[in-house]
Colleague: 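Here it is: the structure, laid out below.
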Amino acid sequence: MRSISLGSIHDILASNDDELIDSYFKYLGGDIKKLEKEDFLDLIDILLPKCSKEQQSGYYLSQITKSGIREEFDFLRFSNESIINIESKHDWPKRKEKCLEQLQSHNIILKLLEKEVYCYTYIRSTKELYILENGKLVLTDFPSLIKNIPSDYIDRNILDDVDYSCMLISPYSDPEKFVEHKYILTNNQGEIKKEIIDSPDKIAAIHGRAGTGKSLLLMDIASYYKDLSKNVLVLLCRNFNEKDRVSRILGVDVEEVKNVDITLLERYNIILVDETQRIYAKQFDIIKKANAEKIVFSLDPEQTLSFKEDNFAVLEKIQSLTQKENIHEISDKIRASDAIDMFSRKIVHLNCRDWDYAYWKKIDTSCIHISYFSDENKCIEYLQHKSELGKTIIEFTPYVTKLTATEKKPKKYKSSRNPHNVLGEEFDDVVVVLDSTVAYRDRNGEKLLVSSSSEYYPYDENHSVYEAVTRAKKSLEIVILNNPELFKTISEIFM
């Protein structure tokens with residue numbers, strides 16, 4: 001959308017020529033409702049005579065974010081040092097807190113542009129102007145607003161520059177950011193949260209692909225019930241060494257599901273289970289029978305890591321316990337990188353039918369890298385260097401055989417993580433190590449990454465790779481060790 005001057009938009013709106021107004025907004029790349037026309041004109045009538053000629057230019061109207069986080073901004077103005085946001089309301093909404101919540105959400109997004117942000121709400125019916133200060137709506141006046149509008153402006157909608165991957169925080173790896181509420185739920189997440197809370201039914205489920213913010217939504221629900229003084233328990237279906245620290249920061253009890261028993265569950269009103277696709281049958285049976293007000297399961301059926309978990313098919317088990325309307329799928333993707341999202345699906349389904357090759361060739365794939373080593377020592381040195389740069393190294397989960405105590409898929413780099421202990425977490429930069437133990441093979445008509453030998457390994461390599469690559473938010477690197485055929489195949493994705 002193009003920037004406009006207050007004088008121009010004033011004369012367009014004041015014309016009362018609906019065709020002219022509609023034509024103008026189509027030219028700008030948007031539209032406007034009848035009530036908004038009146039409210040916008042009233043606000044501009046106040047601003048225009050008070051602004052200098054420099055302050056009158058550079059405005060963007062009715063801007064909508066390009067992300068699963070759908071926010072609409074009435075007035076935006078960008079300058080080198082600051083951002084002005086003004087929301088125009090005909091009247092107070094029935095729930096007045098909505099005005100505050102809207103400005104808080106806008107402020108979180110605009111702060112990502114690393115400028116001073118001023119967020120206002122104008123109520124036309126009362127002629128009142130409010131500013132967001134210290135998380136509250138504070139009554140102010142127009143002379144104060146005018147003082148905050150600089151003479152310079154950026155003639156480009158830099159809202160498009162927002163890195164929305166910053167909003168996909170993990171409450172487990174970034175609990176401080178969660179407590180400081182440095183995130184926003186998408187419209188889809190907000191609707192699911194409301195439906196779960198409003199439902200009188202005991203059991204609900206949230207499911208969706210990697211990058212849709214299931215853990216974030218689940219913990220947001222936990223926070224809601226905590227604020228109601230409910231006893232809340234979050235169960236993680238994985239090992240989690242940081243559970244005590246995270247519990248202390250978040251103010252809710254976080255526990256590993258392997259420690260669950262009836263005595264433990266009796267202490268809680270609300271039980272939330274994360275990464276439920278990895279739950280054991282015995283644990284599931286204990287939880288579903290718990291005498292709690294609400295039990296919410298969160299899962300991604302594609303992120304199972306063993307064939308046993310696949311066979312248990314926990315989503316079907318949950319569906320048999322509750323009404324269809326209590327099973328919620330998150331559809332919005334928050335993760336900003338289309339390249340990483342597309343590559344993550346392609347690398348584990350090489351012949352996937354929904355691959356959009358034309359779109360893949362158009363987008364910037366420079367955030368994805370492939371490296372090759374035949375010398376293991378050189379590879380380890382390289383991984384150490386990447387780790388020192390702050391990148392997260394992920395390798396296959398080692399497995400020790402019960403009879404011979406032989407370790408399968410041992411770590412190459414001592415400080416690497418594995419798919420089992422990164423579930424539900426997100427990292428800016430990820431390096432995934434693939435060695436000679438895997439190859440592409442046909443399985444039921446699909447070309448997947450599987451074991452290259454007949455040796456027993458209990459975990460699904462293809463799902464493990466998917467889990468690893470979908471942890472990346474900003475950059476992803478595949479390091480291939482002593483597997484030239486695999487390197488050739490993966491590199492062809494970019495050709």
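All of these numbers come straight from a predicted model, not from anything done at the bench. No hydrogens, no waters, no symmetry mates; every other heavy atom, side chains included, goes into these values.
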Colleague: Taking side chain as C-beta onward, heavy atoms only, is Lys177 less than 4.5 Å from Tyr183?
Modeller: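 With C-beta onward as the side chain, the pair stays apart.
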
Colleague: Taking the side chain as C-beta and beyond, is there a heavy-atom pair between Tyr225 and Leu272 under 4.5 Å?
Modeller: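 Not in contact.
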
Colleague: Provide the closest heavy-atom pair for Asp152 versus Ser79 in the form atom of the first, atom of the second, distance.
Modeller: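 Minimum heavy-atom separation between Asp152 and Ser79: O-CB, 3.4 Å.
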
Colleague: In a table with atom names and distances, give each donor-acceptor pair under 3.5 Å that connects a side chain of residues 48-55 to protein atoms at least two apart or in another chain.
Modeller:
| residue | atom | partner | partner atom | Å |
| --- | --- | --- | --- | --- |
| Ser52 | OG | Glu54 | OE1 | 3.3 |
| Ser52 | OG | Gln55 | N | 3.2 |
| Ser52 | OG | Gln55 | OE1 | 3.4 |
| Gln55 | OE1 | Ser52 | N | 2.9 |
| Gln55 | NE2 | Ile146 | O | 3.0 |
| Gln55 | NE2 | Ile149 | O | 2.7 |

Colleague: Who passes salt bridge (Lys or Arg N to Asp or Glu O under 4.0 Å) against Lys194, sequence neighbours left out?
Modeller: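 In terms of salt bridge (Lys or Arg N to Asp or Glu O under 4.0 Å), with neighbours along the sequence ignored, Lys194 is linked to Asp198.
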
Colleague: Would you say the side chain of Pro419 lies within less than 4.5 Å of the side chain of Tyr466, judging by non-hydrogen atoms?
Modeller: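 A side-chain contact under 4.5 Å is absent here.
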
Colleague: Between Lys294 and Ser199, which heavy-atom pair has the shortest distance, and what is it?
Modeller: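 For Lys294 and Ser199, the tightest heavy-atom pair comes out as NZ-O, 2.7 Å.
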
Colleague: Let's go through Tyr122 and Tyr130 carefully: what are the C-alpha distance in whole Å and the side-chain angles of both, what is the deciding distance for ring-ring contact (aromatic ring centres under 6.0 Å, His included) to 0.1 Å, and is it a yes or a no?
Modeller: CA-CA 6 Å; Tyr122 171 62; Tyr130 291 84; 9.9 Å; no

Colleague: Report the residues that fulfil salt bridge (Lys or Arg N to Asp or Glu O under 4.0 Å) with Glu467, sequence neighbours left out, ordered by chain and then residue number.
Modeller: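 Glu467 satisfies salt bridge (Lys or Arg N to Asp or Glu O under 4.0 Å) with Arg471 only.
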
Colleague: Hey, could you give me the CD/CG distance between Glu266 and Asp261, rounded to the nearest 0.5 Å?
Modeller: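 Output value for this atom pair is 8.5 Å.
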
Colleague: With no hydrogens and no angle check, just 3.5 Å: does a side-chain donor-acceptor pair link Glu302 and His463?
Modeller: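 Note: Glu302 and His463 side chains miss the donor-acceptor criterion.
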
Colleague: If the threshold is 4.0 Å, N to carboxylate O, is there a salt bridge linking Lys386 and Asp429?
Modeller: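 No, no charged N to carboxylate O under 4.0 Å.
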
Colleague: Considering all heavy atoms of both residues, which atom of Phe73 and which atom of Asn85 are nearest to each other, and what is their separation?
Modeller: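 That closest heavy-atom pairing would be CD2-ND2, 3.7 Å.
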
Colleague: Judged by atom type as modelled, is there a donor-acceptor pair below 3.5 Å linking the side chain of Lys288 to the main-chain atoms of Ile318?
Modeller: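 Between the backbone of Ile318 and the side chain of Lys288 there is no qualifying donor-acceptor contact (under 3.5 Å).
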
Colleague: Is Gln104 reaching over with its side chain to a backbone N or O of Gly135, donor-acceptor style, under 3.5 angstrom?
Modeller: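 Indeed, once roles are kept as given, a pair shorter than 3.5 Å links the two residues.
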
Colleague: Could you tell me if the side chain of Leu100 sits less than 4.5 Å from the side chain of Leu132, heavy atoms only?
Modeller: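 The answer is yes, as the side chains (C-beta and beyond) meet within the 4.5 Å cut-off.
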
Colleague: Can you check whether His349's main-chain N or O pairs, donor with acceptor, with Arg345's side chain at less than 3.5 Å?
Modeller: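 Checking the backbone N and O of His349 against the side chain of Arg345, no donor-acceptor pair under 3.5 Å is found.
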
Colleague: Between Glu477 and Lys391, does at least one N-O distance fall below 4.0 Å, as a salt bridge requires?
Modeller: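 No, Glu477 and Lys391 are not salt-bridged.
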
Colleague: Take a 6.0 Å sphere around CG of Asp160 and say whether it holds more than 12 heavy atoms from other residues, nucleotides or ligands.
Modeller: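 Enclosed.
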
Colleague: Between Lys243 and Asp253, is the closest basic N to carboxylate O distance under 4.0 Å?
Modeller: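 No, no charged N to carboxylate O under 4.0 Å.
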
Colleague: State, to 0.1 Å, how close Asn326 and Thr322 come at their nearest heavy-atom pair, and which atoms those are.
Modeller: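 Where Asn326 meets Thr322 most closely, the heavy atoms are ND2-OG1, 2.8 Å.
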
Colleague: Given 3.5 Å as the limit, does a donor-acceptor pair link the side chain of Ser344 with the main chain of Ile340, or not?
Modeller: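 Yes; judged by distance alone, with no hydrogens or angles, the pair exists.
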
Colleague: Any idea which heavy atoms bring Lys98 and Pro93 closest together, and the distance?
Modeller: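 Looking at all heavy atoms of both residues, the closest pair is CB-CG, 4.1 Å.
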
Colleague: Any side-chain heavy-atom pair from Cys99 and Leu137 closer than 4.5 angstrom?
Modeller: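 Touching, per the 4.5 Å side-chain cut-off.
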
Colleague: So for atom CG, which belongs to Asn134, do other residues, nucleotides or ligands contribute more than 12 heavy atoms lying within a distance under 6.0 Å?
Modeller: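 It does not: Asn134 CG has 12 such atoms or fewer within range.
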
Colleague: Whether Glu36 and Lys89 form a salt bridge (side-chain N of Lys/Arg under 4.0 Å from carboxylate O of Asp/Glu) is what I want to check.
Modeller: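 No.
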
Colleague: Can you sort out the partners of Glu101 under salt bridge (Lys or Arg N to Asp or Glu O under 4.0 Å), two or more places apart, ordered by chain and number?
Modeller: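 Partners of Glu101 by the salt bridge (Lys or Arg N to Asp or Glu O under 4.0 Å) criterion, ordered by chain and then number, come out as Arg95.
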
Colleague: With sequence neighbours left out, write down each residue that passes side chain to side chain donor-acceptor pair (under 3.5 Å) with Ser173, or none if nothing qualifies.
Modeller: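 With neighbours one apart ignored, the set is Ser170.
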
Colleague: Among residues two or more places apart or on two chains, list those pairs meeting salt bridge (charged side-chain N to carboxylate O under 4.0 Å, His left out) that have a residue in residues 125-144.
Modeller: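 Qualifying pairs: Asp42-Lys127.
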
Colleague: Is there a side-chain hydrogen bond (donor to acceptor under 3.5 Å, both in side chains) between Tyr24 and Ser8 once you walk through the steps?
Modeller: CA-CA 10 Å; Tyr24 192 68; Ser8 177; 3.0 Å; yes

Colleague: Apply salt bridge (Lys or Arg N to Asp or Glu O under 4.0 Å) to Glu195 and list each qualifying residue two or more places apart in sequence or on a separate chain.
Modeller: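 Testing Glu195 for salt bridge (Lys or Arg N to Asp or Glu O under 4.0 Å), a comparison that skips the adjacent residues, returns none.
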
Colleague: Could you go through the ring-ring contact (aromatic ring centres under 6.0 Å, His included) check for Tyr59 and Tyr153 one step at a time?
Modeller: CA-CA 9 Å; Tyr59 291 84; Tyr153 64 92; 8.4 Å; no

Colleague: Any pair with a residue in residues 235-254 that passes ring-ring contact (aromatic ring centres under 6.0 Å, His included), sequence neighbours left out, goes on the list, sorted by first then second residue, please.
Modeller: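 For residues 235-254: Tyr172-Phe240.
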
Colleague: Salt bridge (charged side-chain N to carboxylate O under 4.0 Å, His left out) for Arg245 and Glu176? Distances and angles first, verdict last.
Modeller: CA-CA 11 Å; Arg245 184 182 73 88; Glu176 294 87 358; 3.1 Å; yes

Colleague: Any side-chain heavy atom of Asp274 within less than 4.5 Å of one from Leu235?
Modeller: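 Answer no - side chains too far apart.
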
Colleague: Filter on salt bridge (charged side-chain N to carboxylate O under 4.0 Å, His left out), then keep only pairs touching residues 178-187, sequence neighbours left out; what's left?
Modeller: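 Applying salt bridge (charged side-chain N to carboxylate O under 4.0 Å, His left out) to every pair that reaches into residues 178-187, excluding sequence neighbours, yields Glu180-Lys182.
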
Colleague: Do NZ/NE/NH1/NH2 and the carboxylate oxygens of Arg156 and Asp161 come within less than 4.0 Å?
Modeller: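 Counted as a salt bridge, because a side-chain N and a carboxylate O are separated by less than 4.0 Å.
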
Colleague: Once rounded to the nearest 0.5 Å, what's the spacing between atom CG of Asp91 and atom CG of Asp39?
Modeller: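 With rounding to 0.5 Å, CG (Asp91) is 9.5 Å from CG (Asp39).
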
Colleague: Enumerate the residue pairs fulfilling salt bridge (charged side-chain N to carboxylate O under 4.0 Å, His left out) with a member in residues 105-120, sequence neighbours excluded, ordered by first and then second residue.
Modeller: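 Salt bridge (charged side-chain N to carboxylate O under 4.0 Å, His left out) check on residues 105-120 returns no pairs.
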
Colleague: Less than 4.5 Å apart, any side-chain heavy atom of Trp355 and any of Lys346?
Modeller: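 The answer is yes, as the side chains (C-beta and beyond) meet within the 4.5 Å cut-off.
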
Colleague: Could you give me the CA-CA distance, side-chain angles and deciding distance for Asp201 and Gln323, then say whether side-chain hydrogen bond (donor to acceptor under 3.5 Å, both in side chains) is met?
Modeller: CA-CA 8 Å; Asp201 295 331; Gln323 302 295 320; 5.6 Å; no

Colleague: For the residue pair Ala339 and Ile368, what are the closest heavy atoms and their distance?
Modeller: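 That closest heavy-atom pairing would be O-CD1, 3.5 Å.
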
Colleague: Would His207 and Asp300 count as a side-chain hydrogen bond (donor to acceptor under 3.5 Å, both in side chains) here? Give the steps.
Modeller: CA-CA 5 Å; His207 68 102; Asp300 178 2; over 6 Å; no

Colleague: Tell me every residue that passes side chain to side chain donor-acceptor pair (under 3.5 Å) with Lys317, counting only those two or more places apart in sequence or in another chain.
Modeller: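 Applying side chain to side chain donor-acceptor pair (under 3.5 Å) to Lys317 gives none.
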
Colleague: Looking at CD1 of Ile393 and CG of Asn418, how far apart are the two atoms once the value is rounded to the nearest 0.5 Å?
Modeller: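 Answer for the CD1-CG pair, Ile393 versus Asn418, is 13.5 Å.
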
Colleague: Determine whether Ile84 and Phe75 make a side-chain contact, defined as any pair of heavy atoms from C-beta on separated by less than 4.5 Å.
Modeller: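 Of all side-chain heavy-atom pairs linking Phe75 with Ile84, none is under 4.5 Å.
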
Colleague: Strictly by salt bridge (charged side-chain N to carboxylate O under 4.0 Å, His left out), give each pair with a member in residues 214-239 just once, sequence neighbours left out.
Modeller: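 Output for this query lists Lys193-Asp220, Lys230-Glu293, Arg238-Glu425.
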
Colleague: With a 3.5 Å distance limit and no angle check, can you tell me whether Thr186 reaches the backbone of Gln189 through a side-chain donor-acceptor pair?
Modeller: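 Checked: pair present.
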
